[in-house]
A.B. asks: 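Could you have a look at this structure, given as structure tokens, before my questions?
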Amino acid sequence: LQPKHYFKILDLDESGSCSKTEPDKGTMLWLMVLGFWLIAANEATALSTNPGFVARITDNGLDYAQKIGIQALQKELSKIKVPDFHGKTRVKIIGHVSYDCYSINIKNFQMPKCAITLVPGVGLRISVSNAFIQLNGKWKVRAKFAKDHGSFDAKVEGLSISVVLKLGRDGFGRPTVSASDCTSSIARVNLKIKGKLSFLYKLFKKPIESAVRSAMTKQICPVVVNTINTKLQPILQTLPVTAKIDKFAAIDYSLVDAPASTAETLDVHFKGQFFDITNHTKIPFTPPPLQFPVDHSRMLYFGISEYFFNTAGFIYGSAGVLVLNITDDMLPKNYTIRLNTSSIGTFIPQVQKMYPNMLMMMHVAADLAPSLTISPGKLALTATCTIDAFAILPNKSLAHLFVLRVSTAISAKVGVKGKNLFGSLSLDSVDLTLKQSDVGPFSAKLLESAVKFYVSFVILPQVNARLEKGFPLPVLDKLQLTDVVVEPKQNYLLFAASVVYGG
């Protein structure tokens, strides 16, 4: 039998003011940033199932979204087309005067005061106040004894808009958003008319101002609602609810309930568990509740339950891939205890006596799924495996020597790199038990130093190489997590972060 070196575990390959933005960038910027806020957050109302992964966006995060995202709404509103309109008015002595306004264009749209705020139990509210619009257009007027035409400039002042973004969850576990309760109002319209017959201007100035005000008011909410429903909603619907890791496993990031808002935070609960791509093995344990801290000073918080990590161990363990064959050529050249019968024979003489001067192989297989326990200030992993030791005979067949049961205590570290969660492991201690021996009785403790070395310098480096690659967090494109701080809490890891739009 040719010894095989293989290891299959966690193969993770895979400031208040709003200024006008450039037309080609604003919409997508608003949609991407605001879309992120709609899917980011944590714990809200009572749920039938505790989440395995939680995210929370605070008021500070919403402030950032407002500064960046509302600009695109401004861009969309600047596209409003004011229709041509015709009117008549009666003036003493002169009689009926008819007028037409046409070719009306928006030249400038500014929203100096705007905000995104939380609506408890519903979602978000976008509020705009004291906005103004500059227009220009053409006019013509006809009376019994005269007619004239010219151009006009108009300034729409005191524009206010309020719209609620109602957040939900579809049947696939994706977030949804729909616009509701949209209202708009305009305080006043000031018209400056240019033409020859100046004495006629005042006769139809106020009717035109009223007509412009009415036309603009009627179009604002339809534009806002259409922007949300046709541009933001499809982006949320494309959010993947699964993240494939390798041919064995993927992560389920579907929402377990609709995003929920409180007076201070916008919260979302993700299922947050690994699952078997092939067999859809049921997880035999449930996630514990997560209690977030009161501190809301950062933009974004992630809560990652120990359940999330333990489902990974269970899935890979159930798939039978937590195995490794260790042979002598995998050991560092300067290590004095070689994996052969001569070296092991110094601890167990009967091994060298029965199989003199032969190479050995140790087949390592997990007995139970590794289990991570998270407590304040500490991440502790326990893993139990069996080691089957073999002598490699001259004909390449294997002669069984003994079986050890190995219980390990391992420290874990977890961090964020880019949009990936990564980790590393280091050995704290091992405990050995002799389960079976084909070479006679011996004390398993004699092999403790050798097994510690194999775990620390052969097994864990291979695991860490894969953990270093990380696995994806549920974050939309073009958003970067910065200033990430990781803190172990009871039963979960707390990540606090700021967010920067990547452009």
Side-chain angles (χ1 to χ4, degrees), residues 8-14 32 35-42 49-57 169-176 234-257 259 268-283 287 290 300-319 321-322 369-370 372 412 414-424 463-481 484 486 492-493 495 497 499 502:
K8 303 174 183 177
I9 178 170
L10 299 181
D11 188 5
L12 311 177
D13 283 334
E14 296 210 12
M32 293 298 293
F36 171 79
W37 300 137
L38 297 182
I39 69 159
N42 159 55
T49 302
N50 288 322
F53 190 104
V54 167
R56 163 170 287 182
I57 178 67
R169 170 188 177 274
D170 69 13
F172 297 99
R174 298 187 182 96
T176 61
I235 288 179
L236 295 185
Q237 286 294 292
T238 63
L239 177 75
V241 294
T242 61
K244 185 177 179 181
I245 304 304
D246 51 38
K247 65 180 180 180
F248 301 106
I251 303 173
D252 186 343
Y253 278 133
S254 60
L255 275 62
V256 298
D257 206 351
V268 145
H269 298 73
F270 299 91
K271 193 169 185 179
Q273 73 173 45
F274 283 72
F275 66 91
D276 185 340
I277 291 176
T278 305
N279 300 319
H280 296 283
T281 306
K282 185 177 180 180
I283 304 296
L290 301 183
L300 177 66
Y301 292 87
F302 284 129
I304 308 178
S305 172
E306 62 187 23
Y307 169 86
F308 176 85
F309 300 100
N310 289 334
T311 60
F314 176 79
I315 291 301
Y316 284 101
S318 299
V321 296
L322 302 187
L372 180 70
V414 177
V416 172
K417 185 181 299 182
K419 297 179 184 178
N420 283 351
L421 192 68
F422 73 96
S424 63
V463 178
N464 287 336
R466 285 149 179 80
L467 293 178
E468 180 67 21
K469 295 177 182 178
F471 53 88
L473 294 168
V475 178
L476 290 181
D477 291 341
K478 298 187 179 180
L479 290 166
Q480 301 172 4
L481 304 178
V484 179
V486 182
Y492 75 99
L493 276 179
F495 288 76
V499 178

A.B. asks: Given the side-chain rings of Phe471 and Phe308, with only the six-membered ring counted for Trp, is the space between their centroids under 6.0 Å?
C.D. replies: yes
A.B. asks: Would you indicate whether the side-chain heavy atoms of Asn420 and Phe422 approach each other to under 4.5 Å?
C.D. replies: no
A.B. asks: Where is the tightest heavy-atom contact between Val416 and Gly418, given as atom of each residue plus distance?
C.D. replies: CG1-O, 3.5 Å
A.B. asks: Please find the pair of heavy atoms, one from Ile245 and one from Phe274, that lie closest to each other, and give the distance.
C.D. replies: CG1-CE2, 4.0 Å
A.B. asks: Give me the atom names and distance for the closest heavy-atom approach of Val241 to Arg174.
C.D. replies: CG1-CG, 3.4 Å
A.B. asks: Can you check whether Val499 reaches Leu481 side chain to side chain, under 4.5 Å on heavy atoms?
C.D. replies: yes
A.B. asks: Would you please test Val475 and Phe302 for side chain to side chain contact (heavy atoms under 4.5 Å, CB included) and show each step?
C.D. replies: CA-CA 11 Å; Val475 178; Phe302 284 129; 3.9 Å; yes
A.B. asks: Closest heavy-atom contact between Tyr492 and Ser305?
C.D. replies: CB-CA, 3.8 Å
A.B. asks: Between Val256 and His269, is there a side-chain heavy-atom distance shorter than 4.5 Å?
C.D. replies: yes
A.B. asks: Report yes if the side chains of Ile304 and Phe309 come closer than 4.5 Å at any heavy-atom pair, otherwise no.
C.D. replies: yes
A.B. asks: For the residue pair Asn279 and Thr281, confirm or rule out a side-chain donor-acceptor distance under 3.5 Å.
C.D. replies: no
A.B. asks: Between Asp246 and Phe248, what is the shortest heavy-atom contact and its length?
C.D. replies: OD1-N, 2.8 Å
A.B. asks: Does the side chain of Leu290 come within less than 4.5 Å of Tyr307's, by heavy atoms?
C.D. replies: no
